[in-house]
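A quick note: this is a predicted structure, and the numbers were derived from the prediction, not measured.
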Amino acid sequence: MGRDVASVTISGEDRRRYRDKVRRCLDVLARMLGESQFDFEHPHIGLEIELNLIDALGDPLMRNADVLKAIADPAWATELGQFNLEINIPPRELGGESTGELEAEVRDHLRHADERAQEVGGRLAMIGILPTLRRTDIGEETLSANSRYKMLNDQIFAARGEEMRIAIDGHEPLRMHADTIIPEAACTSVQFHLQVSPEQFGAYWNAAQAIAGPQVAMGANSPFLFGHRLYHETRISLFEQATDTRPDELKAQGVRPRVWFGERWITSVFDLFEENTRYFPALLPLCEDEDPRVVLDEGGIPELGELTLHNGTIYRWNRPIYAVVKGRPHLRVENRVLPAGPSVADVVANGAFYYGIVRMLAEEERPVWTRMSFATAEENLHRAARDGLDSTLYWPGLGEVPAPELILRKLLPLAHEGLQRWGVDPSRRDRLLGIIERRCVTGQTGAAWQIATVDAIEEHGTPRHEALRMMTRSYVDNMAHNDPVHTWPIGPC
């Protein structure tokens with residue numbers, strides 16, 4: 001949904017026209033899938049990282065427009081809150097020379113941006129939820145200065161008809177109400193993109209869904225929200241609630257949420273776009289001039305703007321992406337379950353783990369999704385979000401097992417073989433997957449480090465918010481050194 005939109009008044013006619021246009025786009029997509037017009041001979045990967053801005057104390061810094069101006073790099077963009085930024089790393093072939101340069105490239109981008117942020121009194125924090133965020137930081141005035149965010153906020157609350165209720169259990173349960181979608185801005189994630197063929201899309205999406213739980217267990221990095229210690233990956237529950245357009249009555253009727261794991265394994269990417277069209281009303285019903293049927297009939301490649309905009313307002317943990325690049329259409333799986341951070345080394349290791357496993361699972365003769373229910377995969381995700389590496393997850397052939405055991409015994413060997421099939425250099429593969437292995441052996445995820453460090457600070461009588469500030473400053477210092485989180489010493493630097 002990352003496109004600029006003009007501030008407009010939306011009428012009933014706009015909604016009807018948009019619905020018709022989305023359906024027309026869906027029909028055109030079905031034709032394109034049948035005619036095999038997609039680019040997939042050399043699969044590419046892509047990476048997006050959302051980050052927070054903090055001030056010298058470690059509190060959120062509401063100056064993303066100033067920092068963007070100082071960075072002066074089109075790879076960077078605003079996100080929902082004024083304390084958020086996002087970077088898009090250029091796509092590259094998986095297994096090629098540029099894959100090995102990914103970590104250094106991301107570090108260079110972040111180093112440059114952090115230096116520019118310091119010029120306006122800030123630092124970059126790559127962390128799932130900014131621990132020092134307070135309830136006073138989430139008013140409508142905190143929205144980034146982009147009309148699409150204001151329109152999205154207004155449309156979600158118009159659909160809902162009442163303020164948002166956020167209820168998260170965990171170690172120190174949180175109950176609150178919000179009258180904006182700004183709590184969503186607390187959630188900063190890493191998004192791994194993988195280009196696939198139409199024929200393989202269903203298998204790769206199913207594989208990504210199947211491993212969402214193990215991914216979150218080993219990558220958890222969001223234990224604190226508004227001063228409360230909650231789940232190891234609180235971001236999952238917060239995101240599900242912070243953009244929910246349904247009042248309680250619609251939830252009781254079984255209306256689908258816009259932040260959605262899904263409800264079934266699929267056979268085609270068409271299944272997902274068709275579900276979008278069937279289940280979800282438009283939030284941003286903005287029509288383009290393009291007639292996709294005419295474009296396709298004349299031998300062109302349509303952008304399918306309404307279909308893709310609508311897709312961008314439905315927040316699947318693994319989202320289908322249709323895009324046109326250099327006149328060629330392609331499909332991608334966008335993996336969205338992981339939080340940002342802790343270090344660039346950790347982020348790239350998490351990507352290696354993901355890309356390796358999905359390759360293997362997608363190519364299995366007897367796929368894992370034929371041996372595990374969809375509901376079980378979703379339950380794995382929520383267990384992992386709650387307890388991180390302390391969770392127990394289900395896997396076919398193993399039953400209920402501790403998350404570290406599942407990862408070390410079953411998934412890491414698959415990741416090794418999958419990266420070999422992708423053509424990743426063995427030394428880089430072994431280093432990155434070694435980071436995942438040591439994280440599982442030590443039990444020290446980003447979430448575990450944050451919890452232990454705050455506990456160590458509070459032992460000396462430090463109040464909670466000051467302890468969160470101290471921990472956040474220490475986190476940013478460790479992040480800048482690029483040491484994997486399993487090596488970080490407990491306590492403030």
Side-chain angles (χ1 to χ4, degrees), residues 1-19 22 50 60 62 64 78-84 86 129-130 133-168 174-189 225-226 234-261 276-287 306 309-317 319 336:
M1 203 217 83
R3 69 176 69 175
D4 292 342
V5 299
S7 180
V8 298
T9 300
I10 295 171
S11 67
E13 175 59 29
D14 291 328
R15 293 188 178 279
R16 287 190 293 274
R17 182 167 172 255
Y18 185 82
R19 181 185 293 115
V22 170
E50 299 165 350
M62 307 295 179
N64 65 356
T78 58
E79 256 296 329
L80 181 62
Q82 292 184 29
F83 55 95
N84 299 143
E86 178 181 83
I129 292 177
L130 184 58
L133 197 67
R134 290 172 285 195
R135 297 192 197 190
T136 54
D137 296 320
I138 61 168
E140 188 170 334
E141 69 280 359
T142 310
L143 281 170
S144 288
N146 186 308
S147 57
R148 81 173 184 263
Y149 298 128
K150 177 67 165 61
M151 183 182 293
L152 184 65
N153 181 76
D154 292 347
Q155 291 300 307
I156 284 177
F157 277 89
R160 185 177 174 84
E162 62 188 50
E163 63 183 0
M164 203 79 66
R165 181 173 184 266
I166 295 174
I168 304 174
L174 173 67
R175 300 288 185 274
M176 63 175 287
H177 289 81
D179 58 5
T180 74
I181 61 170
I182 278 292
E184 180 199 335
C187 306
T188 48
S189 66
L225 175 64
F226 301 135
T234 305
R235 177 182 133 271
I236 298 292
S237 185
L238 175 61
F239 195 39
E240 288 174 341
Q241 296 180 52
T243 52
D244 199 340
T245 57
R246 307 167 303 161
D248 290 344
E249 294 82 0
L250 292 184
K251 293 179 186 178
Q253 293 174 36
V255 172
R256 277 80 173 175
R258 294 194 90 96
V259 177
W260 201 32
F261 188 77
N276 290 354
T277 305
R278 177 156 36 108
Y279 293 147
F280 298 100
L283 285 181
L284 301 175
L286 306 170
C287 286
E306 293 79 12
L309 178 59
H310 188 48
N311 183 55
T313 65
I314 299 159
Y315 305 98
R316 297 176 185 272
W317 293 114
R319 178 190 273 166
R336 303 163 49 85

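Within 6.0 Å of atom CZ in R17, 12 or fewer heavy atoms from other residues, nucleotides or ligands are found, so the atom counts as exposed in its surroundings.
Between the side chain of T142 and the main chain of D137, a donor-acceptor pair closer than 3.5 Å is present. In this structure a side-chain-to-backbone donor-acceptor pair under 3.5 Å is missing from S237 to T234. Here the side chain of R15 pairs a donor or acceptor atom with the backbone of A282 at under 3.5 angstrom. Of the possible polar contacts, one joining the H310 side chain to the F280 backbone as a donor-acceptor pair under 3.5 Å is found. Not one N or O on the side chain of Y315 forms a donor-acceptor pair closer than 3.5 Å with the backbone of T243.
Side-chain contact between L284 and Y18: absent, with no pair of heavy atoms (C-beta onward) separated by less than 4.5 Å. At least one side-chain heavy atom of R319 sits under 4.5 Å from a side-chain heavy atom of R336. Proximity of Q253 to R246: side-chain heavy atoms (C-beta onward) are nowhere separated by under 4.5 Å. Residues Q155 and I181 are not in side-chain contact: their nearest non-hydrogen atoms beyond the backbone lie 4.5 Å or more apart. With contacts defined as side-chain heavy-atom distances shorter than 4.5 Å, the pair R258/Y279 does not qualify. Taking 4.5 Å as the limit, some side-chain heavy atom of R135 sits within range of a side-chain heavy atom of L174. No side-chain heavy atom of L286 sits under 4.5 Å from any side-chain heavy atom of E306. Between T180 and L143 the shortest side-chain heavy-atom distance does not fall below 4.5 Å.
Note that CD1 of I182 and CD of E141 are 8.5 Å apart. Values are rounded to the nearest 0.5 Å. Note that SG of C187 and CG of N84 are 9.5 Å apart. Values are rounded to the nearest 0.5 Å. The distance from the CD1 atom of I138 to the CE atom of M164 is 10.5 Å, given to the nearest 0.5 Å. One finds the CG atom of L130 at 10.0 Å from the CZ atom of F226 (value rounded to the nearest 0.5 Å). Separation of atoms CG (N153) and CG (L80) is listed at 8.0 Å; rounding is to 0.5 Å. I314 contributes atom CD1, which lies 8.0 Å from atom CG of L283 (distance to the nearest 0.5 angstrom).
Across all their heavy atoms, G81 and A185 have their closest contact at N-CB, 3.7 Å. Of all heavy-atom pairs between D179 and F157, the closest is C-CZ, 3.4 Å. Contact record, E163 with A178: CB-O, 3.4 Å, taken as the closest heavy-atom pair. When all heavy atoms of Q82 and M62 are compared, the closest pair comes out as OE1-O, 3.3 Å.
Using a 3.5 Å distance cut-off with no hydrogens or angles, the side chains of S189 and E50 do pair a donor with an acceptor. Between the side chains of S144 and N64, a donor-acceptor pair is found at a separation under 3.5 Å. R316 and N276 share a donor-acceptor pair across their side chains, judged by distance under 3.5 Å alone.
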Taking it one step at a time, do D248 and K251 satisfy side chain to side chain contact (heavy atoms under 4.5 Å, CB included)? CA-CA 5 Å; D248 290 344; K251 293 179 186 178; 4.0 Å; yes
Are D244 and E240 close enough, and set up right, to give a side chain to side chain contact (heavy atoms under 4.5 Å, CB included), and what steps lead you there? CA-CA 7 Å; D244 199 340; E240 288 174 341; over 6 Å; no
